[in-house]
Amino acid sequence: MAKVLMKGNEAIGAAAIKAECRYYFGYPITPSSELPEYLSRELPKVDGVFLQAESETAAINMLYGAAGAGARAMTGSSSPGISLKQEGISYIAGAELPCVIVNIVRGGPGLGSIQPSQADYFQATKGGGHGDYRMVVLAPDSIQETVDLVIEGFDIADQYRNPVMILGDGVIGQMMEPVEFKDPPKRDLPPKDWATTGTKDSNGRKRVINSLYIEAEACEQMNLKLQAKYREIQKNEIKFETFGTEGAEIILSAYGITSRVTKNAIKILEKEGIKAGMVRPITLWPFPYKEFEKAAEIDSVKAFLSIEMSMGQMVEDVRLGVNGKKPVYFYGRAGGVVPEPLEIVEEVKKILGGVK
Amino acid sequence: MAEQQVIIAGFGGQGVMSMGQLLTYAGMLEDKNVSWLPSYGPEMRGGTANCNVIVSDNPVGSPLVTEATTAIVMNLPSLDKFEGRVVEDGILLINSSLIDKKTSRTDIRAYEIPANDIANELGNIRIANMVMLGAYIELTNIVSKESILESLKKVLGPSKEKLIPINEKALERGAQAVRQ
């Protein structure tokens, strides 16, 4: 298929339809509003349902219902709206329902700003809702990767019966780039023999979608089962990009759009004779700790620098990966400000000046 | 290696977003690497708008333009805001119909194009953006006029194809304005 020029938010909608998602529940919010706008127009054309909910809380619970009935379904929002969905996300994780949730992150906390941010990293990867649960968190750095990850995200959700979050930001949502809609790598997906589609599908036996285990021991068993599943996801689903680590003086880590600003900085540094490598996590959970561990063992590497549009969130996972072998520094801008390549270059020089 | 990092700015309604999209689309048609990023601040109708466009032979790094090879400014606030972003020897295209002021930069190539006046002469004020775009591609050759028109056909759709000739004229008049 030929390339088309699409805005990130619209491309997410098109990718969802390509992945056979037929239900979207949501409430518009800048900078993600083109996603519901696009799907309100396009889902009815494929006999799907677009529903503008009365609130984010309603939308996430509609998603619970549709996913529980076995449908491919999605919701999306931006930071404050995603906060409102947290209770529902915890319930979805507890009931083990496959679905995709899109967060086009903006500046926070509170109502914050409408400009791009990465300050929802903790909320997405460490659980914004209650209980011991995990979402698979996918963080694309281009519109093409966004489309690929949305399509594969539905498969990952179905394979593990787990919610998957697409963690974008205002730039990913708003920018336009050429994209191609490709088929994802083929996965053997289990049948949805738990979906509440009526007793005719289960020989009269009732199926219940629930996250309530009132006996402590039963609830613990449920938690152990979830943990086993999460270990399986950690084993199979880690994605990352790494380059230039061999012989590098410093390893820069960044995800999403910040990684592209960082790549510009790496080019400038190269011209000035400073070799910087990069580890870019694509899955934020499961996190590619091993890649950082490996990079930390390279002799030439003197330090790590995590660059984020936050006040320092992913850097905690970078530190866990590096595990004290090398110093880990942080540079971030907040509230909707995107760092510029030269700021990163200056920061690298400052660090290398100090550790040399 | 050809790479253009462009800032296009003006007030809402001047077609700065669509000018950027056409350029991006044309770059894609020519198999170049492209990106288009709009400003989406809390601005109202008549407020300022701008977009960043990158057209490159290499993969696009950051889609944010911090050092512009070209800035196209359609109104005075945009000149004030973005002339400082142009790299040395870069290009600044000024819509002189609406901007009396000269640029304060002496290390760049600045062109004054009376885009609104030319568009009015052609009979449609709304094609002032195409006049500027014509000047831009004449100076940089980053994409061809044909690719811009091809993109415009796709954007306008069959029902508005009658608008192609006047847009083509606008591109040509813009090119002329910087050739003199």
Side-chain angles (χ1 to χ4, degrees), chain A residues 2-9 30-34 78 104 106-107 111-116 141-145 169-180 243 254 256-268 270 278 307 309 333 336-345, chain B residues 1 3 5-8 16-44 47 49-69 84-85 87 143 147-148 150-156:
Chain A
K3 283 190 174 175
V4 287
L5 188 64
M6 282 189 103
K7 205 171 204 195
N9 284 328
T30 305
S32 71
S33 294
E34 293 87 354
S78 177
I104 301 298
R106 63 188 238 182
L111 266 182
S113 77
I114 60 173
Q115 300 301 324
D141 74 341
S142 67
I143 307 305
Q144 183 64 60
E145 196 170 80
D169 63 71
V171 175
I172 290 288
Q174 293 297 318
M175 78 167 162
M176 285 177 113
E177 284 186 325
V179 283
E180 219 179 329
F243 68 87
I257 207 65
T258 311
S259 72
R260 289 177 58 177
V261 180
T262 303
K263 281 177 183 173
N264 283 25
I266 289 174
K267 276 191 195 150
I268 299 170
E270 202 180 335
M278 185 173 199
I307 301 134
M309 292 193 289
R333 298 297 302 263
V337 180
V338 184
E340 291 190 9
L342 283 177
E343 298 170 31
I344 299 169
V345 168
Chain B
M1 179 201 89
E3 174 161 297
Q5 302 228 2
V6 193
I7 297 172
I8 305 174
V16 300
M17 295 300 185
S18 48
M19 200 191 324
Q21 284 182 8
L22 283 175
L23 176 59
T24 311
Y25 208 130
M28 183 181 78
L29 290 180
E30 294 188 11
D31 274 329
K32 295 190 158 84
N33 297 292
V34 294
S35 68
W36 174 89
L37 177 69
S39 63
Y40 65 95
E43 276 127 9
M44 52 190 168
N50 71 80
C51 63
N52 293 177
V53 175
I54 298 175
V55 182
S56 177
D57 290 335
N58 290 329
V60 175
S62 168
L64 288 99
V65 175
T66 46
E67 297 187 304
T69 53
R85 284 276 183 183
V87 296
V143 295
S147 300
I148 297 276
E150 188 62 32
S151 311
L152 190 62
K153 268 182 206 159
K154 295 222 163 96
V155 175
L156 289 176

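Just so we're on the same page: letters track the sequence lines, and every chain starts at 1.
By a heavy-atom distance cut of under 4.5 Å, B:Met28, B:Val34 are the residues of residues 26-34 of chain B near chain A, going up by number.
Of the atoms belonging to B:Val53, not a single heavy atom falls under 4.5 Å from chain A. The parts of A:Leu5 that come within reach of chain B are both its backbone and its side chain, each placing non-hydrogen atoms under 4.5 angstrom from that chain. Contact of A:Val338 with chain B is made through the side chain alone, with heavy-atom distances under 4.5 Å. Heavy-atom distances place the side chain of A:Thr30, and not its backbone, under 4.5 Å from chain B. Proximity to chain A is limited to the side chain of B:Thr66, based on heavy atoms less than 4.5 angstrom apart. Contact of A:Pro339 with chain B is not made at all, since no heavy-atom distance falls under 4.5 Å.
Here the CE-CD1 distance, from A:Met278 to A:Ile266, works out to 5.0 Å after rounding to the nearest 0.5 Å. Atoms CE and NZ, on A:Met175 and A:Lys7 in that order, are 12.0 Å from each other to the nearest 0.5 Å. The line from SG of B:Cys51 to CD1 of B:Ile8 is 4.5 Å long, rounded to the nearest 0.5 Å. A distance of 7.0 Å separates CD1 of A:Ile172 from CZ of A:Arg260, quoted to the nearest 0.5 Å. Of the inter-residue distances, the one linking B:Leu64 atom CG with A:Ile257 atom CD1 reads 7.0 Å to the nearest 0.5 angstrom. One distance of note links CD of A:Glu145 with CD of A:Glu177; it measures 10.5 Å at 0.5 Å rounding.
Annotation: side chain of B:Val6 is not in contact with side chain of B:Val65 (no heavy-atom distance under 4.5 Å). Here the side chains of B:Met17 and B:Trp36 are in contact, with some heavy-atom distance below 4.5 Å.
Ranked by non-hydrogen atom pairs under 4.5 Å with chain B, the options A:Gly336, A:Gly170, A:Pro341 are led by A:Gly170.
The existence of a salt bridge linking A:Lys267 and B:Glu3 is excluded, since no basic side-chain nitrogen approaches an acidic carboxylate oxygen closer than 4.0 Å.
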